[in-house]
Amino acid sequence: MTTPAVTAPLLQVEDLTVQFPTPDGLITVVDHVSFTLDANRVLCIVGESGSGKSVTALSLVGLVQSRGGRVSAGSVKFRGTELVGQPEKALNRIRGRDIGFIFQEPMSSLNPAFTVGDQIAEVVRRHRRAGRKEAWARAVEMLDRVGIASAAQRAKDYPHRFSGGMRQRVMIALALACDPKLLIADEPTTALDVTIQARTLELLKTLQREQDMAVLFITHDLGVVADIADDVVVMYASQVVEHAPVRDLFRRPQHPYTAGLLAAMPQSALENGSPLVGIPGVVPQPHRLPSGCRFHPRCTHAQAGRCTSEPVELRRLDGGLVRCVRSEELRDPAPVPGAPAPIEGVAVQ
Amino acid sequence: MTTTPGAGAPKLRVEDLEVTFDVGRGKKLHAVDGVSFHVDEGETLGLVGESGSGKSTTGMAVLRLTEPTAGRVHLGDTEVTGLRSRRMRPLRKRMQIVFQDPYSSLDPSMTIGQQLDEPLKVHTSLSKDERRARVDEALDTVKLSTRYTTRYPNEFSGGQRQRIAIARAMILDPELVVLDEPVSALDVSTQSQIVNLLLGIQEQARTSFLFIAHDLAVVRLVSDRTAVMYLGQLVETGPSARVYDAPAHPYTAALNSAIPIPDPDRQRTRDRIVLGGDQPSPLNPPSGCRFRTRCPFAMPVCAEEVPPQHPLEGGGYAACHLHTHGPELRGGSVLQLVEGGHLTTPLVSR
């Protein structure tokens, strides 16, 4: 193992590219994605279905191979150590100990044949070389910390004895049992009822502070982003289209897609007293990507030529990154949610 | 009783609806327990609740896709409950449903044209050409190309499928459409397209909508009035703007709190109600007020007495003791208890 560089960020992802073989040929699901995540920070990757956000998260720690995917380029450094190309054994040591996971469906991530206490204790024993008693005590402690009442008793229950919201708490206890420095949470609250989602987010925020960990949070919901993120990466059609601190992103979205997502939120329409504004068209298929800017067929600001011929590079703008050639000119007037008519736009759809 | 519904007569009238499921060992689950509401012509009533609230069962029971155990449902001047299946058939034409999952609600083996033609074949005596014209018209209404008639569902995205499901529901020009979480499975950009489409269709067709959803913000946008459901019962009803802005029941206020504001600064500093505990089992609901086990404002009276429906200014009611006991809100918003400096952020009940 290399010694981690002192100044290295906790997680550094560079040009990460993930491909999947399909009947239509090799498709690129994650396309040169780069970002860094420092200790104790919360980074949200937001995007719609098919944007590549979940595959990005899975590929960081070698979880796409079993799904048929392949990291074909790029680098993922965790505390200075390269993870891409590491043998499964080494990754196994890191997963669960240094990097914890929570997924959308808690039921499919818990083993129905073991008590929740045993499942947590097992992880603690494996990664921390703890004895049985010590591991069990840690399991109970974690269940208590995530707010499960009578934790010592409940640790002896099987997963089916818990409600959906409680199972997600068990998952969180499991993910955090070894004090990971990084938690990867893939849509952890999407399947939950709204009031349970609110409570789970509160819990995650509290634990993030208490345990000094960084969180990479994957979501489709900008409302959740407003609640927990420090920084935000917006993905569209396998690429990063905007990367900004959370306040900047909400105050002044630089990419028309981000502005469109904001305007499409029911809360935005209610806040502004305006009608709901949708984004026309549909997300393109990975094997049928448009030329030029991948968002141009749905963009009300797209211009023939400039937006439609050459691929658009991600570039620095103010405090963030944006993949749009027109950001400056659209800013004045700002590309506010629900911005009006296309400016000599190309035909949409 | 057989007068034609004139102005003011509700299109859908639901009285004391009950749906009970036998769960074995002599136990009964009251999924819907004494629910009453109405929907006027051309009006949208939003029915909000979380999983297990009984909102979808209510929608199914209104259409008698689930058999009500008790209560009455009227569509116009026709009593739906108690009709024999033979007499239900003409009524099916007048009431339609759109389901949440556009992937399972369409028949994968039939073309879009066939699926849209089916209800016309069953319920009308139109000629083939007339039916084809109606199918084209329906696709046009949901803003899909008429070229799609020869294609199969698997060739469409979720949003497009939901458009097709809406076209199928609207093709017989129904008086009532139950929309059961029609946008919940869709991406946000598609969700807004469908919401706007539904609003447009309704304006044209004057159809009555029962819009079932878990998202109070979506319901606020699409519904004239909102009814909030918890554990099989309605806890609050009223004009959507009032229900959303000034919730008079703590559960409605908690639903409101759970919707993040798209502004990081305000979202992180606002006073909120974050509910503790889990929803109790409908097999064994709490005594008195069913929400009391999770309510941050529960008082002794809440365990003893079923809260009456306290009438609210502007219409509707809240079934909550807070209006007559404790802080005596007298129809006012529960949010004043949260924002009035009584409580710190976030308010977590337990």
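Note on naming: letters A, B, ... go to the chains in the order of the sequence lines (proteins, then strands), and numbering restarts at 1 for each one. When reading the values below, keep in mind they use all heavy atoms of this one structure, side chains included, and skip hydrogens, waters and symmetry mates.
For A:Val283, no part lies under 4.5 angstrom from a heavy atom of chain B. Both the backbone and the side chain of A:Leu276 come within contact range of chain B, judged by heavy atoms closer than 4.5 Å. For B:Val218, the parts sitting under 4.5 Å from any heavy atom of chain A are the backbone and the side chain alike. Residue contact with chain A, scored on non-hydrogen atoms closer than 4.5 Å, involves the backbone of B:Asp263 exclusively.
Note on ring orientation: taking the six-membered ring where Trp is involved, the planes of A:Tyr158 and A:His160 are parallel (angle under 30°, cut-offs 30° and 60°).
Residues of residues 234-250 of chain A lying under 4.5 angstrom from chain B, judged on non-hydrogen atoms, are A:Val246, A:Arg247, A:Phe250 by number.
In this structure, B:Ser184 and B:Asp101 have side chains that are not in contact, with every pair of non-hydrogen atoms separated by 4.5 Å or more.
Centroid-to-centroid, the aromatic rings of B:His30 and B:Phe21 stay 6.0 Å apart or farther.
Ranked by non-hydrogen atom pairs under 4.5 Å with chain A, the options B:Asp265, B:Asp187, B:Asp245 are led by B:Asp187. In terms of heavy-atom pairs under 4.5 angstrom with chain A, the leader among B:His214, B:Gln193, B:Arg220 is B:Gln193.
Around the CD atom of A:Glu210, the shell of radius 6.0 Å holds more than 12 heavy atoms that belong to other residues, nucleotides or ligands.
Without hydrogens or angle criteria, B:Gln267 side chain to B:Ile261 main chain gives a donor-acceptor distance under 3.5 Å.
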